[in-house]
Amino acid sequence: MPLLTATDRYIARLVFVPMCAVFVIAASLLVLDKMLKLFDFVATEGGPVSVVFKMLANLLPEYASLAIPLGLMLGILLAFRRLATSSELDVMRAVGLSYTRLLRVPYLFTIVLAALNLLIVGYLQPLSRYYYEQLQFDLRSGALGASIKVGEFNTLQDRTALRVDSSRDEGRDLRGIFARIAAKDGQVLVISAREGQFFANKENPDTVILRLSEGQIVQDGPGITSPRVLTFATHDLPIDLPKIEQFRSRGERDREYFLPELLRIGWSKDSSQAARYQSIASLNYRLVEVAMMFLLPLLAVSLAVPPKRSSSALGVFVSIVMVVAYHKVNEYGQDVASLGRIDPTLALWGPFVLFAALIVSMYWRLAYVPGGQPIGGLETGFAKISRSVVKLFATRKPDRAVASGAVDAS
């Protein structure tokens, strides 16, 4: 017997297309939601637009770890729902193919994607999260060459106040410049210029040259009886760069540790108690999120098959609610366990056991109980509510017709 029959290849095609579509849609929605916040953050800090896409690229592993399980579950669910609504599933069952046999291909997808997700949450996500935090730090400290904020007074080294009316070329070409420089001896220079450009200073890398064009310099101070005014065509103004602090090393947060590092810190006697709690909680959270993926094919099939003579899509909605709710429970369990209030095994693997028992019971009812329907009660209640809503709107139409007829008669 071949490993994959024609039926398996057919199921693989049905699963693969919606799985990829859901993955792309879910990841895109997460990226778009974060993109708006990052654009606002970068614009507030006066940074270049390119840093937004670098930060989004570093968030992709985190979003992929969320989108992969959702895409896997909905891909399997939509594939089996199509088989059920088109009666192809009845034919497969009639020729002796059980639900467990039909899950061979979905579990092959699950094994591959679970291994990929383990690689992401274990190694790629901690590293990309560290680079994301580094970009945020560099943007706030000015290490990315952030442009001068337009229309505001920018303080440089506590001695220079600079304001520009407009900025071009990512902050290198400035228009409408006003600068006030306070020297150590008390003298003050007030400079205005039509335009200016930044140039690097090869002799002193700690300063940059602001080359001003077509402006005036007003000099005043304690030893000057009357302000001196100088008109210039070109003037080079050296500006000291602020000292940029070095970003911290990777690993000061539990989200930035690799899985072996979390294991070593959690069992090390040299680590503090708080660090051990956080490391063990983070380790169990990542492992339980990957282990949960092996339950998704059973959940998807249990919710994919609607009752006979029904095309209700309630199972799709219920599956999304269950997976998202379980993910939030895991996040809460990690937060509580990291504080040491509860054992990480109980906080994270306890809900997993309950979730697994619920899914296995649902699958057993569908696969081995004659006429079993895991969400039959929900389907019945949903059908009654739908009929009530339809009747509510159906009874309003004659009332409106009678009312309009009465108005015409009068």
Side-chain angles (χ1 to χ4, degrees), residues 32 34-57 132 134-247:
L32 290 175
K34 190 66 176 181
M35 182 185 295
L36 298 176
K37 299 177 182 178
L38 288 180
F39 269 119
D40 182 66
F41 170 71
V42 172
T44 302
E45 297 295 332
V49 178
S50 59
V51 73
V52 174
F53 301 100
K54 293 180 181 179
M55 298 175 77
L56 287 174
Y132 174 80
Q134 185 177 15
L135 284 173
Q136 276 192 329
F137 176 84
D138 293 341
L139 187 60
R140 290 192 178 100
S141 62
L144 294 176
S147 60
I148 299 297
K149 297 179 182 179
V150 176
E152 300 180 12
F153 281 96
N154 302 268
T155 303
L156 306 175
Q157 288 295 85
D158 298 330
R159 296 191 307 110
T160 304
L162 183 65
R163 186 185 186 278
V164 297
D165 292 335
S166 62
S167 174
R168 300 179 182 178
D169 195 14
E170 296 185 351
R172 289 184 288 270
D173 187 5
L174 309 177
R175 303 294 175 92
I177 301 171
F178 173 84
R180 184 182 184 276
I181 304 173
K184 295 181 180 180
D185 56 0
Q187 292 189 6
V188 177
L189 295 178
V190 178
I191 304 174
S192 60
R194 188 176 65 88
E195 61 182 17
Q197 289 182 327
F198 280 113
F199 294 94
N201 189 356
K202 297 181 180 179
E203 298 179 356
N204 187 3
D206 294 332
T207 63
V208 293
I209 302 299
L210 178 58
R211 182 162 295 172
L212 304 173
S213 302
E214 300 180 12
Q216 289 183 341
I217 300 178
V218 179
Q219 183 181 8
D220 196 3
I224 301 176
T225 57
S226 60
R228 301 172 184 174
V229 180
L230 173 66
T231 302
F232 61 86
T234 302
H235 177 72
D236 290 342
L237 177 65
I239 296 179
D240 296 332
L241 292 175
K243 293 182 179 180
I244 300 173
E245 299 179 1
Q246 296 294 326
F247 188 55

**Student:** So do L56 and V52 actually touch side chain to side chain, heavy atoms under 4.5 Å?
**Tutor:**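 In contact.
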**Student:** By ring pair (Phe, Tyr, Trp, His ring centres under 6.0 Å), which residues pair with F232, not counting sequence neighbours?
**Tutor:**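 For F232, the residues satisfying ring pair (Phe, Tyr, Trp, His ring centres under 6.0 Å) (neighbours in sequence not counted) are H235.
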**Student:** Going from CD1 on I191 to CD1 on I177, what distance comes out if it is rounded to the nearest 0.5 angstrom?
**Tutor:**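 With rounding to 0.5 Å, CD1 (I191) is 9.5 Å from CD1 (I177).
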**Student:** Knowing that exactly one of K34, Q134, M35, Q136 qualifies, which makes a side-chain contact (heavy atoms from CB on, under 4.5 Å) with M55?
**Tutor:**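 The side-chain contact (heavy atoms from CB on, under 4.5 Å) with M55 is passed solely by Q136 among K34, Q134, M35, Q136.
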**Student:** For the atom pair CG (L135) and CG (L38), what is the distance rounded to the nearest 0.5 Å?
**Tutor:**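 These two atoms lie 10.0 Å from each other.
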**Student:** Can you measure from CG (L212) to CD (E195) and round to the nearest 0.5 angstrom?
**Tutor:**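 That separation rounds to 9.5 Å.
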**Student:** Which pair of heavy atoms, one from A193 and one from S213, lies closest together, and at what distance?
**Tutor:**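 A193 and S213 have their closest heavy atoms at CB-O, 3.7 Å.
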**Student:** Scan residues 220-235 for pairs that pass salt bridge (charged side-chain N to carboxylate O under 4.0 Å, His left out), counting only residues two or more places apart or in two chains.
**Tutor:**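 For residues 220-235: none.
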**Student:** Rounded to the nearest 0.5 Å, what separation is found between the CD atom of Q219 and the CD1 atom of I181?
**Tutor:**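 CD1 of I181 is found 11.0 Å from CD of Q219.
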